[in-house]
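Counting starts at 1 for both ligands and their atoms, in listed order.
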Amino acid sequence: MLRVAVIGSGPSGVYTAQSLIEQQDVPDIEVYVLDRLPCPYGLVRYGVAPDHEKIKSLQNNLRTVLEHPRVHFLGNVEVGAAGPGLDQLREIFDAVVFCVGAATDRRLGVPGEELPGSHAATDFVAWYSAHPDAATRRFALTARSAIVIGVGNVAVDVVRMLSRDAAELAATDMPQGALGTLADSRVEDVWMVGRRGPSQAKFTTKELRELGSLPGAEVVVRPEELERDPAYRDPGGLPAVARRNVEVLRGWAEPTADADTPGKRQHRIHLRFFLRPVEVLGDAATGVRAVRFERTAPDGRGGVTGTGEFEEIEGQLVLRSVGYRGTPLPGLPFDEATGTVPHDAGRVLHDGAPLPGVYVAGWIKRGPTGVIGTNRPCAKETAQSLLADAAALGERKRGPAGDPVAELARAGERPVAWRGWLAIEAAEAEWGRGLGRGTVKLPDWTGLLEAARTAEAV
Ligand SMILES: Cc1cc2nc3c(=O)[nH]c(=O)nc-3n(C[C@H](O)[C@H](O)[C@H](O)COP(=O)(O)OP(=O)(O)OC[C@H]3O[C@@H](n4cnc5c(N)ncnc54)[C@H](O)[C@@H]3O)c2cc1C
Ligand SMILES: NC(=O)c1ccc[n+]([C@@H]2O[C@H](COP(=O)([O-])OP(=O)(O)OC[C@H]3O[C@@H](n4cnc5c(N)ncnc54)[C@H](OP(=O)(O)O)[C@@H]3O)[C@@H](O)[C@H]2O)c1
């Protein structure tokens, strides 16, 4: 029998488990999916925006894998300094696959980034998604103007959350505290700012177009700014997504006869380009008041150069949405430059040689880009490498082959098993019913663990 620990129950972890059990060559395989949270699904639960219910429902596909008889979910087990380390796991399991995602944010590296009112979008997303680590975070949406830096899909998500009517969000599983704060929000102007041109923005067309269909918001673009991008003027050679994005932006730049009177709606979403952040302005006592940008110009090679002209955009809330970043784990090789674990087809490399029995998949393998489906082939590649090594892994001498759950308990862990997670789901449905809403997420560790423990008592 081959016993594999998959660390992380996001898409890459679940797809790895699926690839391992849906093959015939190594039939006796048992997969233990460990997660530091008591809840499975990674960013599908704690990142995908609450109003994207169709994508959220992918959790049902992931669920069928985690309910497979040879897959065992063990939540509330944090691998690393706070819990079992790699050496300990290698004593219990024949192989360990790290699918831990990219938990932190990339930094802007400009003065003022840490001022009150300037936040990583990562933290804002975690807060409205009810990630228990974000339970004590507060976002005072007393700002009239909010500036989102970056033009990727996460930036679009947070712009949409700031611009949607709270009444529409009440139908989602958003936690009650975040919903109340958004309902009281005074934000009117939301700026989404890219350092390069519209044809180089990272958002996808469906997500961009959705900004224009929000009932309470109007999108404002500056035709002269879009025109600065040579590929906007002549989109023929662009990749399909960029070409479609440009078409959507062009539609917004050309006012139509039946367009609403400007200023009629509650929110204005300003899409700005060719502005590179150089400083977040404000002070420690009163917080952020503006962001200073340098205007850029295309350099003809896909990048931009500074022009020496500056512009300040006023805003009392800044969300830096410039990408996620992987974090190192003790004993696991890590490339600081890319924030990923070095690997060869999923086999973790230490000084260029494979570290026996240690693998990696998902964002911690490839970096923090790609949609849920991108993790499927990535996980499959890793699983295939592991299966190719199966004979050698099975022969490796490890500790006594006891029950992994008992071994983890001996190491001081108190895992939340699948039925504990089901109890959390039931508690969230109950909590939502009490609030007159559908399922509503429990936002803190205490609530989650208390709910999970009710399953132990029965
Ligand atoms: C805000 C946001 C919204 C997104 N929206 C969409 C969308 O709408 N559609 C789409 O297709 N894609 C979307 N994506 C992309 C998609 O979520 C990712 O491609 C995918 O989640 C990456 O999967 P992963 O398994 O590598 O990482 P994750 O999903 O982050 O999973 C990692 C898991 O590892 C666990 N973990 C971390 N460290 C440890 C540890 N030390 N011990 C134990 N467990 C640990 C975490 O708790 C987590 O459950 C979004 C991404 C973000 C950031
Ligand atoms: N609905 C969905 O399908 C969905 C939703 C959310 C996320 N996702 C996926 O999740 C992944 C992560 O998304 P993401 O938005 O975090 O990352 P992303 O797509 O890499 O976008 C990051 C943005 O930040 C900008 N940026 C980086 N460093 C900067 C700096 N120093 N100053 C100013 N701008 C800077 C980038 O500009 P440059 O291009 O100039 O570097 C880019 O516009 C993506 O693959 C995304 O598609 C999908």
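Below 3.5 Å of separation, one finds no N or O of Ala361 facing any N or O of ligand 1. For ligand 1, none of its N or O atoms has an N or O atom of Ile7 under 3.5 Å away. Of the N or O atoms in Arg366, none lie within a sub-3.5 Å distance of an N or O in ligand 1. Considering both main-chain and side-chain atoms, Ile372 comes within under 3.5 Å of ligand 1 through a nitrogen or oxygen pair. The shortest N or O to N or O distance between Glu78 and ligand 1 is not below 3.5 Å. For Glu207, a nitrogen or oxygen atom sits less than 3.5 Å from a nitrogen or oxygen atom of ligand 2, counting backbone and side chain alike. Taking only nitrogen or oxygen atoms, main chain and side chain alike, Ala102 does not reach within less than 3.5 Å of ligand 1. Ligand 1 has no N or O atom lying under 3.5 Å from any N or O atom of His52, backbone or side chain. For ligand 1, the polar-atom distance check finds an N/O of Ser12 within less than 3.5 Å of one of the ligand's N/O atoms.
Nearest non-hydrogen protein atom to atom 42 (C) of ligand 2 is Lys202 CG, 3.8 Å. For atom 31 (N) of ligand 2, the closest non-hydrogen atom of the protein is Arg195 NH1, 3.4 Å. From the protein, the heavy atom lying nearest to atom 53 (C) of ligand 1 is Tyr324 CZ, 3.3 Å. Residue, atom and distance of the protein heavy atom nearest to atom 39 (O) of ligand 2 are Arg196 NH2, 2.8 Å.
Annotation: cation-pi geometry satisfied between Arg250 and Tyr232 (NZ/CZ under 6.0 angstrom from ring centroid, within 45° of ring axis).
By the 4.0 Å N-to-carboxylate-O rule, Arg209 lies too far from Glu247 to be salt-bridged with it. Between Glu210 and Arg164 there is a salt bridge, with a side-chain nitrogen of the basic residue lying less than 4.0 Å from a carboxylate oxygen of the acidic one. In summary, Arg228 and Glu224 do not engage in a salt bridge, as defined by a charged side-chain N under 4.0 Å from a carboxylate O. Asp157 and Arg160 are joined by a salt bridge, as a carboxylate oxygen and a charged side-chain nitrogen come within less than 4.0 angstrom of each other. The residues Lys441 and Glu428 are annotated as not salt-bridged, no charged nitrogen and carboxylate oxygen being separated by less than 4.0 angstrom.
The closest heavy-atom contact to atom 48 (C) of ligand 2, among the options Leu43, Ile372, Leu108, Asn153, comes from Asn153. If you check each of Pro277, Gly323, Gly367, Ala121 against atom 17 (O) of ligand 2, the one with the closest non-hydrogen atom is Gly323. Atom 16 (O) of ligand 2 has its nearest heavy-atom neighbour, among Val154, Val148, Ile149, in Val154. With distances taken over non-hydrogen atoms, the option nearest atom 12 (C) of ligand 2 out of Gly150, Pro368, Gly370 is Pro368.
For the ligand labelled ligand 2, residue Phe293 lies outside the 4.0 Å heavy-atom shell. Ala103 does not count as a contact of ligand 1, since none of its heavy atoms falls under 4.0 Å from the ligand. Ile55 counts as a contact of ligand 1, since one of its heavy atoms falls under 4.0 Å from the ligand.
Residue contacts with ligand 2 for Val151 involve both N, CA, C or O and side-chain atoms from C-beta outward (heavy atoms, distance under 4.0 Å). At a heavy-atom cutoff of 4.0 Å, ligand 2 is contacted by the side chain of Asp157 but not by its backbone.
Distance check on atom 21 (O) of ligand 1: some protein heavy atom falls below the 4.0 Å cut-off. Atom 50 (C) of ligand 1 lies below 4.0 Å from none of the non-hydrogen atoms of the protein. For atom 4 (C) of ligand 2, the nearest protein heavy atom lies under 4.0 Å away.
Ring centroids of Phe124 and Phe139 are separated by less than 6.0 Å, placing the two rings close together.
Proximity to Ser321 (heavy-atom distance under 4.0 Å) selects the following atoms of ligand 2: 23 (C), 24 (O).
When each of Leu208, Leu226, Val220, Ile269 is paired with Trp252, the side-chain contact (heavy atoms from CB on, under 4.5 Å) condition holds for Leu208 and for no other.
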